[in-house]
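See structure below.
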Amino acid sequence: MKHRGWEVVERVRAGEMLVFDGGYGTMLFAAGLLNGACPELWNDTHADVVREIHRGYFEAGSAIVETNTFGGSRLKLNEYQLGERTRELNERGARLVRSVAPAGGYVAGSIGPTSRLPAEYEPLGDTTDEEYVETFREQAEALAEGGVDLFAVETMMFPQEAFAAIRACKQVADLPVMATMFFQYEELHDRDRTMWGESPAKVAKNLREAGADVVGMNCGRGPDRAIVIIREMRAATETPLVAYPNAGLPITTGDRVTYELGPEQMARDYPALLDAGASIVGACCGSGPEHIRKIAEVVRARRK
Ligand SMILES: [Zn+2]
């Protein structure tokens, strides 16, 4: 029997629009996470805080909520001397979302970059495709064990790392994979490119070929660029598209970081984002449940 997670792909293929969740960093910092501390450790030490953030997103209208495991690969956790706890922290992360998911809600296992550069990226790169696959397999296995319905390979900067993560997910479980990359807006050329210099059209095709079931963008700038990126992806592929941009650009005042766009302001761009071809929409850095509430209103208005 097919896993229930496949409903997500079936529903968007049938034309439905689904709401993803918002950011985690801002809320974890507000709850006391210190700069330089490991966010995934909170799946153990501050499980209640993490669980309430997940619950807040489901209540705000998210159909899909992701785990607090963005930096949960062993290669990344090693930076905090927590590599040995990789399995446990990911499994806990999955169970935390599962424990508050309503009957119709889906849990996405978040898999972000390792911060290690691919070997081809000279002279700093040192990580081979095999090493990437190995570290992501371990993480994906633990997330599947914890009960996720799908995987969210996200904020990827390099194609090598993104492909390895997708491959790893597909090796460990028969679950859908959403894969999104981070785009920078190049003002000089008025275009959006990954760190590797790839266009949205190329990224969409490549992620699909690598095995992703839903492709798209997250993080980066605000919804204004997301609209352009999704439009370009839509022209290049029939694959369902997902977009969860940041709430605009960060504004630093002293040691406080805020983001340009409030909930209302951010949601104003979402009708155009849906028109551009996104089937799953949410938000990333600088957003919270109120942003998702407004975005969910836009999506609901579309259903009528
Ligand atoms: Zn972000």
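What you are looking at is a predicted structure, and each value in this text was computed from that prediction instead of being measured.
- Considering only heavy atoms from C-beta on, P102 stays 4.5 Å or farther from E59 through its side chain.
- With hydrogens and angles left out, the side-chain atoms of Y57 and E66 include no donor and acceptor closer than 3.5 Å.
- Annotation for A276 and I227: closest pair CB-O, 3.7 Å, computed over non-hydrogen atoms.
- In this structure, S62 contributes its side chain and V19 its backbone to no donor-acceptor pair below 3.5 Å.
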- prompt: Can you list the steps and then say if D275 with R234 is a salt bridge (charged side-chain N to carboxylate O under 4.0 Å, His left out)?
  reply: CA-CA 10 Å; D275 285 340; R234 180 42 82 225; over 6 Å; no
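- Residues T67 and G93 share a closest heavy-atom pair of CG2-O, 3.7 Å.
- With a 4.5 Å cut-off on side-chain heavy atoms, F163 and E209 do not count as touching.
- In this structure, V9 is a member of the same hydrophobic cluster as L18, with clusters built from ILVMFWY side-chain heavy atoms closer than 4.5 Å.
- Ring-plane geometry between Y244 and F20 is classed as tilted, the angle between the planes lying from 30 to 60 degrees on a 0 to 90 degree scale.
- Of the possible polar contacts, one joining the R208 side chain to the A212 backbone as a donor-acceptor pair under 3.5 Å is found.
- In this structure the side chain of Y259 never reaches within 4.5 angstrom of the side chain of S287, judged on heavy atoms.
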Residue pair R268, E264: steps toward the salt bridge (charged side-chain N to carboxylate O under 4.0 Å, His left out) verdict: CA-CA 6 Å; R268 236 172 264 158; E264 198 111 6; 5.7 Å; no
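- R87 has a carboxylate O that lies under 4.0 Å from a charged side-chain N of E141, or vice versa, which qualifies the two as a salt bridge.
- Across all their heavy atoms, A296 and A60 have their closest contact at CB-O, 3.8 Å.
- Under the salt bridge (Lys or Arg N to Asp or Glu O under 4.0 Å) criterion, the residue pairs touching residues 280-292 are E290-R293, with sequence neighbours excluded.
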- request: Show your reasoning for whether side-chain contact (heavy atoms from CB on, under 4.5 Å) applies to Y106 and E7.
  value: CA-CA 9 Å; Y106 303 101; E7 285 173 16; 2.5 Å; yes
From CA spacing to verdict: side-chain contact (heavy atoms from CB on, under 4.5 Å), S73, F136: CA-CA 6 Å; S73 63; F136 289 130; 4.3 Å; yes
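- Of the candidates T114, T127, L77, T135 forms a side-chain contact (heavy atoms from CB on, under 4.5 Å) with just one, namely T114.
- For the pair H291 (side chain) and L261 (backbone), a donor-acceptor distance under 3.5 Å is present.
- Listed here is the closest heavy atom pair of L207 and A179: CD1-O, 3.5 Å.
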field: Chi angles and distances behind the salt bridge (charged side-chain N to carboxylate O under 4.0 Å, His left out) call for D48, R55
entry: CA-CA 10 Å; D48 289 348; R55 194 197 305 275; over 6 Å; no
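- By the side chain to side chain contact (heavy atoms under 4.5 Å, CB included) test, P39 pairs with L28, L33, N68, Y80, sequence neighbours left out.
- Judged by distance alone, with hydrogens and angles left aside, the side-chain atoms of Q139 form a donor-acceptor pair with the main-chain N or O of T69 at under 3.5 Å.
- Under the 4.5 Å side-chain heavy-atom criterion for ILVMFWY residues, a single connected hydrophobic cluster contains both I111 and M181.
- Within the model, atoms CD1 of I295 and CD of E297 stand 10.5 Å from one another, a figure rounded to the nearest 0.5 Å.
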field: From CA spacing to verdict: side-chain contact (heavy atoms from CB on, under 4.5 Å), L241, V215
entry: CA-CA 5 Å; L241 301 177; V215 303; 3.5 Å; yes
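- In this structure, V133 and Q171 have side chains that are in contact, with non-hydrogen atoms separated by less than 4.5 Å.
- For the atom pair M217 CE and C284 SG, the distance stands at 8.5 Å (nearest 0.5 Å).
- H54 places no side-chain N or O within 3.5 Å of a backbone atom of R51 that could act as its donor or acceptor partner.
- One distance of note links CE of M157 with CG of L117; it measures 10.0 Å at 0.5 Å rounding.
- Minimum interatomic distance between V172 and A140 (heavy atoms only, all atoms of both residues): CG2-CB, 3.6 Å.
- Proximity of a side-chain donor or acceptor of N90 to a complementary backbone N or O of L143 within less than 3.5 Å is not detected.
- Considering all non-hydrogen atoms of both residues, V153 and I166 come closest at CG2-N, 4.4 Å.
- Separation of the Y121 and F158 ring centroids falls under the 6.0 Å cut-off.
- Using a distance-only test at 3.5 Å, with no hydrogens or angles considered, no donor-acceptor pair links the side chain of R116 to the main chain of Y132.
- Looking at R98 and D149, a side-chain N of the basic residue comes within less than 4.0 Å of a carboxylate O on the acidic one, giving a salt bridge.
- Every pair passing salt bridge (Lys or Arg N to Asp or Glu O under 4.0 Å) that includes a residue from residues 150-177 is listed here, sequence neighbours excluded: K170-D213.
- Both V281 and I229 belong to a common hydrophobic cluster when Ile, Leu, Val, Met, Phe, Trp and Tyr are linked at side-chain heavy-atom distances under 4.5 angstrom.
- A donor and an acceptor atom, one from each side chain of K205 and T237, are nowhere located under 3.5 Å apart.
- E186 pairs in a salt bridge (Lys or Arg N to Asp or Glu O under 4.0 Å) with only one of the listed residues (R221, R193, R191), which is R191.
- Atom OH of residue Y185 and atom CG of residue L249 lie 11.5 Å apart, to the nearest 0.5 angstrom.
- Using a 4.5 Å cut-off between side-chain heavy atoms of Ile, Leu, Val, Met, Phe, Trp and Tyr, with links allowed through other members, V49 and V65 fall into the same hydrophobic cluster.
- Within the 4.5 Å cutoff, side-chain heavy atoms of I280 are placed close to those of V8.
- For the pairing with R74, the salt bridge (Lys or Arg N to Asp or Glu O under 4.0 Å) check across E84, E134, E88 returns one residue only, E84.
- Atom OG of residue S279 and atom CD1 of residue I230 lie 9.0 Å apart, to the nearest 0.5 angstrom.
- N43 CG to L89 CG: the interatomic distance, rounded to the nearest 0.5 Å, is 6.5 Å.
- Side-chain contact between E40 and L82: absent, with no pair of heavy atoms (C-beta onward) separated by less than 4.5 Å.
- Contact of the T26 side chain with the F29 side chain is not registered, since no non-hydrogen atoms from C-beta on lie closer than 4.5 Å.
- Hydrophobic clustering (side-chain heavy atoms under 4.5 Å, transitive across Ile, Leu, Val, Met, Phe, Trp, Tyr) keeps I64 apart from V50.
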